[in-house]
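Working notes, structure below.
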Protein chains: 2
Amino acid sequence: MKTPKISEAVVRRLPVYLRFLSELKANNVLTVSSQDLGLKLDLNPAQIRKDLAHFGEFGRKGIGYDVSYLIEKIRSILKIDRVINVALVGAGNLGRALSNYNAYLKDNMKIVAIFDAHSGKVGEVINNLSVQSMEELNATVNQRSIRIGIITVPASEAQVVADRFVDAGIEAILNFAPVIIKVPQGIRIHHADFTTDLLSLAYYIDDAEEQV
Amino acid sequence: MKTPKISEAVVRRLPVYLRFLSELKANNVLTVSSQDLGLKLDLNPAQIRKDLAHFGEFGRKGIGYDVSYLIEKIRSILKIDRVINVALVGAGNLGRALSNYNAYLKDNMKIVAIFDAHSGKVGEVINNLSVQSMEELNATVNQRSIRIGIITVPASEAQVVADRFVDAGIEAILNFAPVIIKVPQGIRIHHADFTTDLLSLAYYIDDAEEQV
DNA sequence: TAGATTGTTAATCGATTAACAATC
DNA sequence: TAGATTGTTAATCGATTAACAATC
(Lines give C-alpha, C1' and ligand atoms only; values in the text may rest on other atoms or scores of the structure.)
Protein backbone atom coordinates (compact mmCIF):
# COMPACT_ATOMS: atom_id res chain seq x y z
CA MET A 1 0.00 0.00 0.00
CA LYS A 2 1.57 3.24 -1.16
CA THR A 3 0.35 6.64 -0.04
CA PRO A 4 1.11 8.65 -3.16
CA LYS A 5 2.29 11.97 -1.70
CA ILE A 6 0.74 13.53 1.31
CA SER A 7 1.32 17.22 1.79
CA GLU A 8 2.99 18.53 4.91
CA ALA A 9 -0.09 20.59 5.69
CA VAL A 10 -2.16 17.42 5.92
CA VAL A 11 0.37 15.66 8.14
CA ARG A 12 0.50 18.61 10.50
CA ARG A 13 -3.25 18.52 10.98
CA LEU A 14 -3.33 14.84 11.92
CA PRO A 15 -2.00 15.37 15.45
CA VAL A 16 -4.56 18.12 15.92
CA TYR A 17 -7.33 15.71 15.01
CA LEU A 18 -5.81 13.08 17.23
CA ARG A 19 -5.69 15.36 20.21
CA PHE A 20 -9.29 16.40 19.93
CA LEU A 21 -10.47 12.85 19.28
CA SER A 22 -8.67 11.72 22.44
CA GLU A 23 -10.52 14.38 24.33
CA LEU A 24 -13.81 13.18 22.89
CA LYS A 25 -12.99 9.63 23.81
CA ALA A 26 -12.18 10.66 27.36
CA ASN A 27 -15.66 12.17 27.45
CA ASN A 28 -17.20 8.94 26.17
CA VAL A 29 -18.24 10.43 22.85
CA LEU A 30 -18.52 7.54 20.39
CA THR A 31 -19.01 9.26 17.07
CA VAL A 32 -18.10 12.59 15.52
CA SER A 33 -18.81 14.27 12.19
CA SER A 34 -16.44 16.35 10.10
CA GLN A 35 -18.85 19.18 10.81
CA ASP A 36 -18.31 18.93 14.59
CA LEU A 37 -14.60 18.53 14.16
CA GLY A 38 -14.40 21.57 11.90
CA LEU A 39 -16.33 23.70 14.34
CA LYS A 40 -14.06 22.85 17.24
CA LEU A 41 -10.79 23.01 15.35
CA ASP A 42 -11.57 26.01 13.15
CA LEU A 43 -11.18 23.98 9.98
CA ASN A 44 -13.35 23.42 6.94
CA PRO A 45 -15.24 20.09 7.23
CA ALA A 46 -14.50 19.24 3.61
CA GLN A 47 -10.83 19.65 4.33
CA ILE A 48 -11.02 17.28 7.25
CA ARG A 49 -12.84 14.66 5.21
CA LYS A 50 -10.34 15.04 2.43
CA ASP A 51 -7.37 14.81 4.79
CA LEU A 52 -8.65 11.56 6.24
CA ALA A 53 -9.71 10.13 2.88
CA HIS A 54 -6.08 10.26 1.77
CA PHE A 55 -5.47 7.29 4.01
CA GLY A 56 -8.63 5.24 3.65
CA GLU A 57 -12.37 5.23 4.20
CA PHE A 58 -12.62 5.76 7.93
CA GLY A 59 -16.12 7.21 8.20
CA ARG A 60 -19.64 6.04 7.61
CA LYS A 61 -22.02 7.97 5.44
CA GLY A 62 -24.89 9.41 7.39
CA ILE A 63 -23.13 8.67 10.68
CA GLY A 64 -19.68 10.21 10.89
CA TYR A 65 -16.47 8.80 12.30
CA ASP A 66 -16.13 6.30 15.11
CA VAL A 67 -13.93 8.11 17.62
CA SER A 68 -11.91 5.14 18.87
CA TYR A 69 -11.46 3.70 15.42
CA LEU A 70 -10.28 7.01 13.98
CA ILE A 71 -7.83 7.46 16.84
CA GLU A 72 -6.28 4.09 16.09
CA LYS A 73 -6.11 4.87 12.38
CA ILE A 74 -4.41 8.22 12.88
CA ARG A 75 -1.95 6.75 15.36
CA SER A 76 -1.11 4.10 12.83
CA ILE A 77 -0.67 6.65 10.03
CA LEU A 78 1.63 8.72 12.21
CA LYS A 79 3.50 5.55 13.20
CA ILE A 80 2.92 6.26 16.85
CA ASP A 81 0.96 3.09 17.42
CA ARG A 82 4.14 1.96 19.11
CA VAL A 83 5.98 4.39 21.40
CA ILE A 84 8.69 6.26 19.53
CA ASN A 85 11.82 7.09 21.48
CA VAL A 86 13.12 10.63 21.37
CA ALA A 87 16.42 12.21 22.43
CA LEU A 88 16.94 15.79 23.47
CA VAL A 89 20.17 17.80 23.33
CA GLY A 90 20.42 20.91 25.46
CA ALA A 91 19.63 20.63 29.16
CA GLY A 92 18.80 24.29 29.62
CA ASN A 93 15.49 25.83 30.60
CA LEU A 94 13.76 24.94 27.37
CA GLY A 95 15.04 21.37 27.32
CA ARG A 96 13.92 20.97 30.89
CA ALA A 97 10.48 22.35 30.02
CA LEU A 98 10.02 20.03 27.05
CA SER A 99 11.12 16.94 28.93
CA ASN A 100 8.10 17.56 31.15
CA TYR A 101 5.76 16.70 28.32
CA ASN A 102 6.46 13.00 28.59
CA ALA A 103 3.30 12.55 30.61
CA TYR A 104 1.32 14.32 27.94
CA LEU A 105 2.87 12.36 25.07
CA LYS A 106 2.28 9.03 26.77
CA ASP A 107 1.64 6.07 24.49
CA ASN A 108 2.83 8.06 21.49
CA MET A 109 6.35 9.22 22.17
CA LYS A 110 8.85 9.31 24.95
CA ILE A 111 11.91 11.40 25.59
CA VAL A 112 14.31 8.73 26.85
CA ALA A 113 17.65 10.55 26.84
CA ILE A 114 18.97 14.04 27.44
CA PHE A 115 22.43 15.20 26.41
CA ASP A 116 24.45 18.32 27.00
CA ALA A 117 27.89 19.39 25.81
CA HIS A 118 28.73 21.16 29.06
CA SER A 119 30.34 18.95 31.66
CA GLY A 120 28.64 20.97 34.37
CA LYS A 121 25.27 19.67 33.22
CA VAL A 122 26.26 16.05 32.81
CA GLY A 123 24.91 13.88 35.59
CA GLU A 124 22.21 16.34 36.54
CA VAL A 125 18.85 14.59 36.83
CA ILE A 126 15.95 16.01 34.85
CA ASN A 127 12.62 14.29 34.99
CA ASN A 128 14.17 10.98 36.05
CA LEU A 129 16.77 11.16 33.29
CA SER A 130 20.42 11.68 34.03
CA VAL A 131 21.96 14.16 31.59
CA GLN A 132 24.54 12.41 29.43
CA SER A 133 27.63 13.75 27.70
CA MET A 134 27.70 14.17 23.94
CA GLU A 135 30.20 11.33 23.72
CA GLU A 136 27.45 8.94 24.70
CA LEU A 137 24.98 10.16 22.11
CA ASN A 138 25.80 7.76 19.33
CA ALA A 139 25.74 4.64 21.47
CA THR A 140 22.59 5.62 23.33
CA VAL A 141 20.68 6.48 20.16
CA ASN A 142 21.45 3.04 18.83
CA GLN A 143 20.87 1.09 22.02
CA ARG A 144 17.54 2.74 22.69
CA SER A 145 16.43 2.81 19.03
CA ILE A 146 15.91 6.55 19.21
CA ARG A 147 14.36 7.81 15.99
CA ILE A 148 13.73 11.51 16.64
CA GLY A 149 15.98 14.24 18.06
CA ILE A 150 15.08 17.54 19.67
CA ILE A 151 17.54 20.43 19.66
CA THR A 152 17.32 22.98 22.47
CA VAL A 153 20.81 24.44 22.40
CA PRO A 154 21.81 28.01 21.46
CA ALA A 155 21.73 28.88 17.76
CA SER A 156 25.50 28.77 17.50
CA GLU A 157 25.65 25.10 18.47
CA ALA A 158 22.53 23.86 16.71
CA GLN A 159 24.12 22.80 13.43
CA VAL A 160 26.81 20.79 15.18
CA VAL A 161 24.23 18.99 17.26
CA ALA A 162 22.16 18.24 14.16
CA ASP A 163 25.23 16.74 12.51
CA ARG A 164 25.78 14.53 15.53
CA PHE A 165 22.16 13.40 15.41
CA VAL A 166 22.47 12.56 11.73
CA ASP A 167 25.69 10.65 12.34
CA ALA A 168 24.00 8.66 15.04
CA GLY A 169 21.28 7.62 12.61
CA ILE A 170 18.37 9.74 13.77
CA GLU A 171 15.64 10.14 11.17
CA ALA A 172 13.89 13.36 12.11
CA ILE A 173 14.83 16.49 14.03
CA LEU A 174 12.80 19.15 15.78
CA ASN A 175 14.93 22.26 16.10
CA PHE A 176 14.09 24.97 18.62
CA ALA A 177 17.21 27.05 18.04
CA PRO A 178 16.62 30.27 16.11
CA VAL A 179 18.68 29.28 13.09
CA ILE A 180 18.11 27.38 9.85
CA ILE A 181 19.78 23.99 10.06
CA LYS A 182 20.87 21.90 7.08
CA VAL A 183 20.53 18.14 7.00
CA PRO A 184 21.10 15.56 4.29
CA GLN A 185 18.28 14.45 2.04
CA GLY A 186 16.16 11.83 3.70
CA ILE A 187 16.39 13.37 7.15
CA ARG A 188 13.35 15.34 8.16
CA ILE A 189 13.77 18.65 9.93
CA HIS A 190 11.15 20.94 11.42
CA HIS A 191 11.90 24.34 12.83
CA ALA A 192 9.94 25.28 15.94
CA ASP A 193 11.36 28.68 16.65
CA PHE A 194 9.15 30.67 18.94
CA THR A 195 10.96 33.96 18.36
CA THR A 196 9.85 33.83 14.73
CA ASP A 197 6.26 33.25 15.81
CA LEU A 198 6.41 36.05 18.28
CA LEU A 199 7.94 38.64 15.98
CA SER A 200 5.52 37.81 13.18
CA LEU A 201 2.62 38.45 15.57
CA ALA A 202 3.66 42.06 15.86
CA TYR A 203 2.68 42.59 12.24
CA TYR A 204 -0.95 42.20 13.22
CA ILE A 205 -1.10 44.70 16.04
CA ASP A 206 -2.86 47.95 15.46
CA ASP A 207 -0.42 50.69 14.59
CA ALA A 208 -2.86 53.59 15.05
CA GLU A 209 -0.39 55.06 17.52
CA GLU A 210 2.01 55.74 14.72
CA GLN A 211 -0.16 58.58 13.49
CA VAL A 212 1.24 61.75 15.09
CA MET B 1 -0.30 53.83 2.48
CA LYS B 2 -2.30 50.61 2.48
CA THR B 3 -0.70 47.21 2.08
CA PRO B 4 -3.46 45.40 0.21
CA LYS B 5 -3.40 41.97 1.82
CA ILE B 6 -0.24 40.22 2.83
CA SER B 7 -0.45 36.49 3.31
CA GLU B 8 0.47 34.93 6.61
CA ALA B 9 3.18 32.89 4.89
CA VAL B 10 4.93 36.09 3.87
CA VAL B 11 4.66 37.62 7.34
CA ARG B 12 6.10 34.50 8.91
CA ARG B 13 9.15 34.68 6.69
CA LEU B 14 9.96 38.28 7.58
CA PRO B 15 11.43 37.45 11.01
CA VAL B 16 13.53 34.76 9.38
CA TYR B 17 14.97 37.31 6.99
CA LEU B 18 15.46 39.73 9.83
CA ARG B 19 17.37 37.23 11.90
CA PHE B 20 19.78 36.32 9.14
CA LEU B 21 20.26 39.94 8.13
CA SER B 22 21.16 40.79 11.71
CA GLU B 23 23.74 38.06 11.63
CA LEU B 24 25.17 39.46 8.39
CA LYS B 25 25.29 42.92 9.89
CA ALA B 26 27.14 41.60 12.93
CA ASN B 27 29.69 40.19 10.49
CA ASN B 28 29.99 43.55 8.73
CA VAL B 29 28.41 42.34 5.52
CA LEU B 30 27.01 45.40 3.76
CA THR B 31 25.03 43.93 0.90
CA VAL B 32 23.21 40.71 0.16
CA SER B 33 21.38 39.30 -2.87
CA SER B 34 18.17 37.30 -2.88
CA GLN B 35 20.32 34.49 -4.23
CA ASP B 36 22.54 34.46 -1.12
CA LEU B 37 19.56 34.77 1.16
CA GLY B 38 17.78 31.92 -0.55
CA LEU B 39 20.80 29.65 -0.27
CA LYS B 40 21.18 30.24 3.44
CA LEU B 41 17.51 30.11 4.31
CA ASP B 42 16.46 27.31 1.97
CA LEU B 43 14.07 29.54 0.10
CA ASN B 44 13.55 30.39 -3.54
CA PRO B 45 15.21 33.73 -4.40
CA ALA B 46 12.21 34.81 -6.43
CA GLN B 47 10.04 34.25 -3.41
CA ILE B 48 12.26 36.41 -1.26
CA ARG B 49 12.23 39.22 -3.81
CA LYS B 50 8.49 38.97 -4.10
CA ASP B 51 7.98 38.96 -0.35
CA LEU B 52 10.00 42.12 0.05
CA ALA B 53 8.50 43.80 -3.00
CA HIS B 54 5.10 43.66 -1.31
CA PHE B 55 6.28 46.43 0.95
CA GLY B 56 8.37 48.60 -1.33
CA GLU B 57 11.45 48.67 -3.51
CA PHE B 58 14.20 47.90 -1.05
CA GLY B 59 16.87 46.54 -3.36
CA ARG B 60 19.06 47.85 -6.14
CA LYS B 61 19.21 46.14 -9.48
CA GLY B 62 22.60 44.64 -10.16
CA ILE B 63 23.63 45.12 -6.52
CA GLY B 64 21.24 43.45 -4.11
CA TYR B 65 19.92 44.66 -0.76
CA ASP B 66 21.68 46.94 1.68
CA VAL B 67 21.76 44.90 4.86
CA SER B 68 21.24 47.70 7.38
CA TYR B 69 18.58 49.37 5.30
CA LEU B 70 16.64 46.14 4.85
CA ILE B 71 16.83 45.42 8.57
CA GLU B 72 15.27 48.78 9.32
CA LYS B 73 12.59 48.26 6.72
CA ILE B 74 11.59 44.84 8.01
CA ARG B 75 11.57 46.05 11.59
CA SER B 76 9.29 48.84 10.53
CA ILE B 77 6.97 46.51 8.63
CA LEU B 78 6.73 44.22 11.64
CA LYS B 79 6.17 47.24 13.86
CA ILE B 80 9.08 46.29 16.04
CA ASP B 81 10.98 49.48 15.33
CA ARG B 82 9.88 50.38 18.83
CA VAL B 83 10.05 47.74 21.57
CA ILE B 84 6.74 45.94 21.96
CA ASN B 85 5.80 44.89 25.46
CA VAL B 86 4.68 41.32 26.03
CA ALA B 87 2.98 39.58 28.94
CA LEU B 88 3.20 35.92 29.80
CA VAL B 89 0.74 33.84 31.79
CA GLY B 90 1.94 30.58 33.27
CA ALA B 91 5.07 30.62 35.43
CA GLY B 92 5.88 26.95 34.90
CA ASN B 93 8.91 25.45 33.21
CA LEU B 94 7.96 26.63 29.76
CA GLY B 95 7.10 30.14 30.86
CA ARG B 96 10.39 30.32 32.67
CA ALA B 97 12.23 29.11 29.60
CA LEU B 98 10.59 31.64 27.31
CA SER B 99 11.18 34.55 29.64
CA ASN B 100 14.87 33.87 29.12
CA TYR B 101 14.65 34.98 25.53
CA ASN B 102 14.43 38.64 26.46
CA ALA B 103 18.11 39.04 25.79
CA TYR B 104 17.66 37.53 22.36
CA LEU B 105 14.61 39.64 21.51
CA LYS B 106 16.29 42.85 22.58
CA ASP B 107 15.26 46.01 20.70
CA ASN B 108 12.30 44.18 19.21
CA MET B 109 10.18 42.87 22.03
CA LYS B 110 10.29 42.52 25.75
CA ILE B 111 8.46 40.29 28.19
CA VAL B 112 7.66 42.79 30.91
CA ALA B 113 5.18 40.89 33.09
CA ILE B 114 4.54 37.31 34.19
CA PHE B 115 1.28 36.14 35.74
CA ASP B 116 0.14 32.93 37.36
CA ALA B 117 -3.19 31.85 38.79
CA HIS B 118 -1.60 29.82 41.57
CA SER B 119 -0.93 31.81 44.70
CA GLY B 120 2.12 29.65 45.36
CA LYS B 121 3.82 31.12 42.31
CA VAL B 122 2.90 34.73 42.94
CA GLY B 123 5.85 36.73 44.17
CA GLU B 124 8.41 34.29 42.81
CA VAL B 125 11.08 36.12 40.83
CA ILE B 126 11.79 34.93 37.31
CA ASN B 127 14.33 36.72 35.23
CA ASN B 128 14.02 39.90 37.30
CA LEU B 129 10.24 39.84 37.09
CA SER B 130 8.10 39.16 40.09
CA VAL B 131 5.23 36.82 39.22
CA GLN B 132 1.93 38.65 39.58
CA SER B 133 -1.53 37.34 40.36
CA MET B 134 -4.19 37.19 37.68
CA GLU B 135 -6.08 39.97 39.44
CA GLU B 136 -3.34 42.36 38.43
CA LEU B 137 -3.38 41.41 34.77
CA ASN B 138 -5.81 43.98 33.50
CA ALA B 139 -4.20 46.93 35.22
CA THR B 140 -0.67 45.90 34.32
CA VAL B 141 -1.49 45.34 30.66
CA ASN B 142 -2.87 48.84 30.47
CA GLN B 143 -0.20 50.56 32.52
CA ARG B 144 2.63 48.97 30.57
CA SER B 145 0.90 49.19 27.17
CA ILE B 146 1.29 45.46 26.68
CA ARG B 147 0.14 44.46 23.20
CA ILE B 148 0.95 40.76 22.96
CA GLY B 149 0.23 37.89 25.35
CA ILE B 150 1.90 34.51 25.66
CA ILE B 151 0.02 31.56 27.14
CA THR B 152 2.05 28.83 28.83
CA VAL B 153 -0.57 27.26 31.07
CA PRO B 154 -2.03 23.75 30.83
CA ALA B 155 -4.56 23.14 28.06
CA SER B 156 -7.46 23.16 30.47
CA GLU B 157 -6.80 26.75 31.52
CA ALA B 158 -5.72 28.21 28.21
CA GLN B 159 -9.10 29.45 27.00
CA VAL B 160 -9.78 31.24 30.27
CA VAL B 161 -6.42 32.97 30.11
CA ALA B 162 -7.05 33.98 26.50
CA ASP B 163 -10.37 35.52 27.54
CA ARG B 164 -8.62 37.49 30.25
CA PHE B 165 -6.05 38.73 27.76
CA VAL B 166 -8.77 39.81 25.37
CA ASP B 167 -10.64 41.60 28.16
CA ALA B 168 -7.49 43.44 29.08
CA GLY B 169 -7.17 44.72 25.54
CA ILE B 170 -4.34 42.60 24.22
CA GLU B 171 -4.17 42.46 20.43
CA ALA B 172 -2.33 39.24 19.68
CA ILE B 173 -1.78 35.96 21.50
CA LEU B 174 0.82 33.25 21.18
CA ASN B 175 -0.61 30.05 22.66
CA PHE B 176 1.68 27.20 23.69
CA ALA B 177 -1.04 25.07 25.25
CA PRO B 178 -2.05 22.02 23.24
CA VAL B 179 -5.59 23.16 22.54
CA ILE B 180 -7.34 25.33 19.97
CA ILE B 181 -8.32 28.63 21.50
CA LYS B 182 -11.10 30.90 20.26
CA VAL B 183 -10.80 34.65 20.24
CA PRO B 184 -13.01 37.42 18.86
CA GLN B 185 -12.49 38.75 15.37
CA GLY B 186 -9.73 41.31 15.29
CA ILE B 187 -7.57 39.51 17.83
CA ARG B 188 -4.73 37.57 16.31
CA ILE B 189 -3.91 34.13 17.65
CA HIS B 190 -1.03 31.82 16.76
CA HIS B 191 -0.71 28.31 18.04
CA ALA B 192 2.83 27.21 18.88
CA ASP B 193 2.19 23.72 20.11
CA PHE B 194 5.32 21.64 20.10
CA THR B 195 3.51 18.36 20.69
CA THR B 196 1.81 18.78 17.31
CA ASP B 197 5.17 19.37 15.67
CA LEU B 198 6.69 16.40 17.37
CA LEU B 199 3.92 13.94 16.56
CA SER B 200 3.78 15.03 12.94
CA LEU B 201 7.50 14.31 12.61
CA ALA B 202 6.83 10.65 13.29
CA TYR B 203 5.04 10.41 9.96
CA TYR B 204 8.35 10.83 8.21
CA ILE B 205 10.33 8.14 9.95
CA ASP B 206 11.11 4.98 8.09
CA ASP B 207 8.66 2.24 8.94
CA ALA B 208 10.62 -0.62 7.39
CA GLU B 209 10.52 -2.31 10.79
CA GLU B 210 6.82 -2.85 10.40
CA GLN B 211 7.48 -5.55 7.84
CA VAL B 212 7.47 -8.83 9.77
C1' DT C 1 30.40 47.70 -21.82
C1' DA C 2 29.43 43.20 -19.54
C1' DG C 3 27.75 41.00 -15.57
C1' DA C 4 24.67 40.90 -11.86
C1' DT C 5 20.44 41.35 -9.78
C1' DT C 6 16.13 43.50 -8.93
C1' DG C 7 10.94 44.02 -9.45
C1' DT C 8 7.21 42.09 -11.77
C1' DT C 9 4.46 39.53 -14.97
C1' DA C 10 3.10 35.14 -16.51
C1' DA C 11 3.04 30.15 -15.75
C1' DT C 12 2.80 26.55 -12.68
C1' DC C 13 1.72 24.19 -8.97
C1' DG C 14 -0.80 22.88 -4.97
C1' DA C 15 -4.10 23.47 -1.42
C1' DT C 16 -8.74 24.72 0.02
C1' DT C 17 -13.58 24.85 -0.61
C1' DA C 18 -18.03 23.80 -2.80
C1' DA C 19 -21.09 20.65 -4.42
C1' DC C 20 -23.30 16.39 -4.78
C1' DA C 21 -24.12 11.41 -5.64
C1' DA C 22 -23.88 7.53 -2.70
C1' DT C 23 -25.50 5.54 1.33
C1' DC C 24 -26.05 4.83 6.28
C1' DT D 1 -38.68 7.09 4.14
C1' DA D 2 -36.27 11.45 5.44
C1' DG D 3 -32.24 13.38 7.31
C1' DA D 4 -27.44 13.25 7.88
C1' DT D 5 -22.95 12.76 6.43
C1' DT D 6 -19.31 10.68 3.91
C1' DG D 7 -15.94 10.32 -0.09
C1' DT D 8 -14.79 12.51 -4.17
C1' DT D 9 -14.90 15.38 -8.23
C1' DA D 10 -14.86 19.90 -9.94
C1' DA D 11 -14.16 24.81 -9.07
C1' DT D 12 -11.75 28.19 -6.78
C1' DC D 13 -8.33 30.31 -4.69
C1' DG D 14 -3.72 31.39 -3.45
C1' DA D 15 1.12 30.65 -3.21
C1' DT D 16 5.42 29.46 -5.45
C1' DT D 17 8.47 29.53 -9.27
C1' DA D 18 10.22 30.85 -13.83
C1' DA D 19 11.41 34.20 -16.88
C1' DC D 20 12.88 38.53 -18.34
C1' DA D 21 12.98 43.56 -19.15
C1' DA D 22 14.93 47.25 -16.59
C1' DT D 23 18.93 49.01 -14.67
C1' DC D 24 22.77 49.42 -11.42
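Throughout, a chain's letter reflects where its sequence line sits, starting with A, and its residues are numbered from 1. Everything quoted here is computed from the prediction, not taken from an experiment.
Distance, B:Gln47 CD to C:dT9 P: 18 Å, rounded to whole Å. Rounding to whole angstrom units, NE2 of residue B:His54 and P of D:dA15 are separated by 8 Å. In this structure, the CD1 atom of B:Ile48 is 17 Å from the P atom of D:dA15, given to the nearest Å. Atom pair B:Leu37:CG and C:dG7:P shows a separation of 12 Å (rounding to whole Å applied). Remark: P of C:dT16 and CD of A:Glu8 are 12 Å apart, rounded to the nearest angstrom. What separates CZ of A:Phe55 from P of D:dT8 is a distance of 14 Å, to the nearest Å. The CG atom of A:Leu52 sits 16 Å away from the P atom of D:dT5 (whole-angstrom rounding). Atom CG in B:Asp51 sits roughly 14 Å away from atom C1' in C:dT8 (whole-Å rounding).
Atom OG1 of B:Thr152 and atom CG of B:Asn93 lie 10.0 Å apart (nearest 0.5 Å).
Using a 4.5 Å heavy-atom threshold, the side chains of B:Leu199 and B:Thr196 count as separate. Counting heavy atoms from C-beta on, the side chains of A:His190 and B:Phe194 never come closer than 4.5 Å.
Taking both residues in full, the closest heavy atoms of B:Ser99 and B:Asn127 are given as O-ND2, 2.6 Å, listed atom of the first, atom of the second, then distance. Listed here is the closest heavy atom pair of A:Ile84 and B:Ala202: CD1-CB, 3.7 Å.
Phosphate proximity of C:dA15 to A:Arg12: absent, as no side-chain N or O sits under 4.0 Å from OP1 or OP2. For D:dG14, neither phosphate oxygen OP1 nor OP2 lies less than 4.0 angstrom from any side-chain nitrogen or oxygen of B:Ser7. Contact between the side-chain N/O atoms of A:Ser34 and the OP1/OP2 oxygens of D:dT6 is found at a separation under 4.0 Å.
Using a 4.0 Å cut-off on heavy atoms, the residues of residues 57-75 of chain A that approach DNA chain C are A:Arg60, A:Lys61, A:Gly62, listed by number.
Residue order along DNA chain C, read from the 5' end via each residue's closest nucleotide, puts A:Arg13 first among A:Arg49 and A:Arg13. Projected onto DNA chain C by closest heavy-atom contact, B:Asp36 and B:Lys50 fall at different nucleotides, the more 5' of which corresponds to B:Asp36.
A donor atom on one side chain and an acceptor atom on the other are found under 3.5 Å apart for B:Arg75 and B:Asn108.
A cation-pi arrangement, defined by a distance under 6.0 Å to the six-membered ring centre and an angle within 45 degrees of its axis, is absent between B:Lys73 and B:Phe55.
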B:Arg12 vs A:Asp197, test: salt bridge (charged side-chain N to carboxylate O under 4.0 Å, His left out). Steps then yes/no. CA-CA 7 Å; B:Arg12 280 181 174 279; A:Asp197 282 327; 2.6 Å; yes
Under the criterion side chain to side chain contact (heavy atoms under 4.5 Å, CB included), I'd like the reasoning laid out for B:Ile150 against A:Leu198: C-alpha separation, chi angles, the key distance, then a yes or no. CA-CA 9 Å; B:Ile150 299 178; A:Leu198 193 55; 4.1 Å; yes
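Under the side-chain hydrogen bond (donor to acceptor under 3.5 Å, both in side chains) criterion, A:Asp116 pairs with no residue, sequence neighbours left out.
Side-chain proximity of B:Ser33 to C:dA19, C:dG7, C:dT5: nearest is C:dT5. The side chain of A:Ala46 sits closest to C:dA18 out of D:dA18, D:dG7, C:dA18.
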Only Watson-Crick and G-U wobble pairs with both distances less than 3.5 Å should count. Give DNA chain C in dot-bracket notation, marking inter-strand partners with |. ..||||||||||||||||||||||
